[in-house]
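Note that these values count all heavy atoms, side chains included, but never hydrogens, waters or copies made by symmetry.
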There are 2 protein chains.
Amino acid sequence: MSEKITIYDIAKKLNITAATVSRALNNNPKIKESTKQLVLETASLMNYKQNKLALALKSGRSNNIGVIVPRIDSNFFASVIRGIEEELYPHGYQVIICQTHENPKRESENLYTLIDAQVDGILMSVTDVNNENDDAFHNVLKKNVPLIFFDRSKHIDGVSSVTINDFKGGYIATKQLINQGCKCIAHLSGDQSLEIFKNRFLGYKQALLDNGITFNEKYVIQSKSSVDAGKKAIDMLLELDSPPDAIFSSSDFAALGVIQELKERNIAIPDDFCVAGFSNEPFTKFMELSITSVDQSPLEMGRMAARVFLEQVEKTDTIKIEKKVVLAPELHIRKSSTRKNS
Amino acid sequence: MSEKITIYDIAKKLNITAATVSRALNNNPKIKESTKQLVLETASLMNYKQNKLALALKSGRSNNIGVIVPRIDSNFFASVIRGIEEELYPHGYQVIICQTHENPKRESENLYTLIDAQVDGILMSVTDVNNENDDAFHNVLKKNVPLIFFDRSKHIDGVSSVTINDFKGGYIATKQLINQGCKCIAHLSGDQSLEIFKNRFLGYKQALLDNGITFNEKYVIQSKSSVDAGKKAIDMLLELDSPPDAIFSSSDFAALGVIQELKERNIAIPDDFCVAGFSNEPFTKFMELSITSVDQSPLEMGRMAARVFLEQVEKTDTIKIEKKVVLAPELHIRKSSTRKNS
DNA sequence: TACTTTCGTGTAATCGATTACATAGTTAAT
DNA sequence: ATTAACTATGTAATCGATTACACGAAAGTA
């Protein structure tokens, strides 16, 4: 059995009270130097470890922060979490992971569970798009638990967020396709109730307009983020009277599906058709026909979200700050959109 | 401000004691039905939420379990974690993530930190190969905290593990290369102090012997799990007097490096050279020249590890069980090792 | 009627650490 | 010499929930 050593055990052994022990361990200046040393030595001798739960109960701070993501087994979210963990680790925080699987109910559950678990903050990428979970979000704010959104955010007063400039991401990707000489550029979007997809779409549209290309609604298809969805989408697009000669996809997976399908049909990439994706998934650069993609610097996003959280807890005295950090997307230009003659 | 409602608040409002409230909420049969109802109604009316920290302190159980992995932003580990989270979520456990970054010191720190945080169990993939952290591991066992290894394990009495049969993984991958008619099969291994790499190597060797191919030490190279490491390794191998005509790599990334380098040298895959990797990383199936790879069913591994943990906590009465679960690897045969004539 | 059960609640200790307040012993100041 | 001001430590409450034990009231038994 494990002998749980408490400050009372130390106190008994030294014939002093637990209060003195506690103070000595916390380096309270009122404690005589000799006692302090004695306590510290005895503590390490007895292999004393502070019980964080007791501390947490007393202080009301658990030193845990909750992270909610749609799923963890996606390179993007895993990388963000890595960034969060790395930034928070030196500050003594532990990271608790929750997944919503894109299910708003789960998101609501996760929020309540984390609050129940007395986390000191919640960092999340939003799943709920229809404001079904407003109660859950307001519950968090009511409890005064710092809430920070990353990537997918919501507009809630007093809530900070770290996102990338999706508009710009859409813009530069589309611009690059235009630079290659593409005239009919299609776009695969996601659920536009989510701002990220809306903004990428708007960036795409603006790039077209800025370059004298008329926007055509028929070129925009809403699809899932999967290889199959990409294949289906390009099938539909190729049946149009004037099929596109390029595509900007909000998902790298869909972009891959597009490429696979085009190859199947012997359409040459990038010569006859250019493709750009979004997220810079690892596989995009590994492919023989590497895929142009917009990088979201997930590691940096996670670090930044963590830093915003830290600022927030440190400055409880100041008025609540709402900080909106927007990271710049970076276009990684690869073979799928690089024509020789350009 | 958030009004923290406790059972004392409910007690005061109803003119009863906190003890009664607690019992009512816990459905204690000794409480009169009418009181029980009253308490439940009042609790929900006042929006009472149990403070898990107080409960944790009293019960000694935090309902948190710690997961330690080398890194989270690898598809394999992220998937394992997903499996763990999904299995444990319905049981009310939260998952705390720690990364070692392959650094034994960090691993030791993580172990102590998790114990300090009073986790109810630790599920981990081992980083330490030189037994530097024996103290940390024994500290966990001394505290009677269930410890379960997955994928990379250590031999410690009383510790359960969930691994895949790496020997078999190495064997079937190598066998497949042999079936394609390859005669000189090289092997890229990892740090053989880690059992997984040792076993994959042994499986490779056995497959050779079983098929009348003499094992040649020069064909075995120890390398990191990266594209560049793969390139370097194949460079060395091709300089041998009798260069290999196939390679089984313990890493998909290294396998990819090999392929890229071979293409660079205009060596035809799979006709002149066959390649098989390990881990079944997502990109292996996405490549135009898809890569044969051994799947480790990470999701299932995570689920299984979680289940072993649950069994362990439920049966504290029984004698400690040491359970060694070994999952079967599955070879995904793809283009990189599929010759037409076979 | 007197005595034993049973039922429903209250009392108070406990988990382990922190901390406001009290107090005994020193030292400094007038 | 007497009081003020420190110093170092002890006492006890607190965080919020659980639970062994105690006890009065109601019900059952002889």
Separation of dA8(D) C1' from L38(A) CG (nearest whole Å) = 14 Å
Expected string for nucleotides 8-18 of chain C under the B/S/- scheme (protein heavy atoms, under 4.0 Å, primed atoms plus P, OP1, OP2 as sugar-phosphate) is BBBB--BBBBB
[Y] and [X] side chains, donor-acceptor separation under 3.5 Å:
X: K154(A); Y: N131(A); answer: yes
X: E33(B); Y: Q37(B); answer: yes
X: E107(A); Y: N133(A); answer: yes
X: N63(A); Y: K52(A); answer: no

With axes from five pairs an end, tell me the bend angle of the helix from dT1(C)-dA30(D) to dT30(C)-dA1(D), nearest 10°.
-> 60°
Go through F149(A) and S125(A) one step at a time and tell me if the side-chain contact (heavy atoms from CB on, under 4.5 Å) criterion holds.
-> CA-CA 6 Å; F149(A) 294 133; S125(A) 201; over 6 Å; no
Quick one: do E102(A) and R152(A) make a salt bridge, cutoff under 4.0 Å?
-> yes
Salt bridge check: are R307(B) and E311(B) linked by an N-O gap of less than 4.0 Å?
-> no
Name all pairs fulfilling the salt bridge (charged side-chain N to carboxylate O under 4.0 Å, His left out) condition that reach into residues 109-118 of chain B, sequence neighbours left out, sorted by first residue then second.
-> none
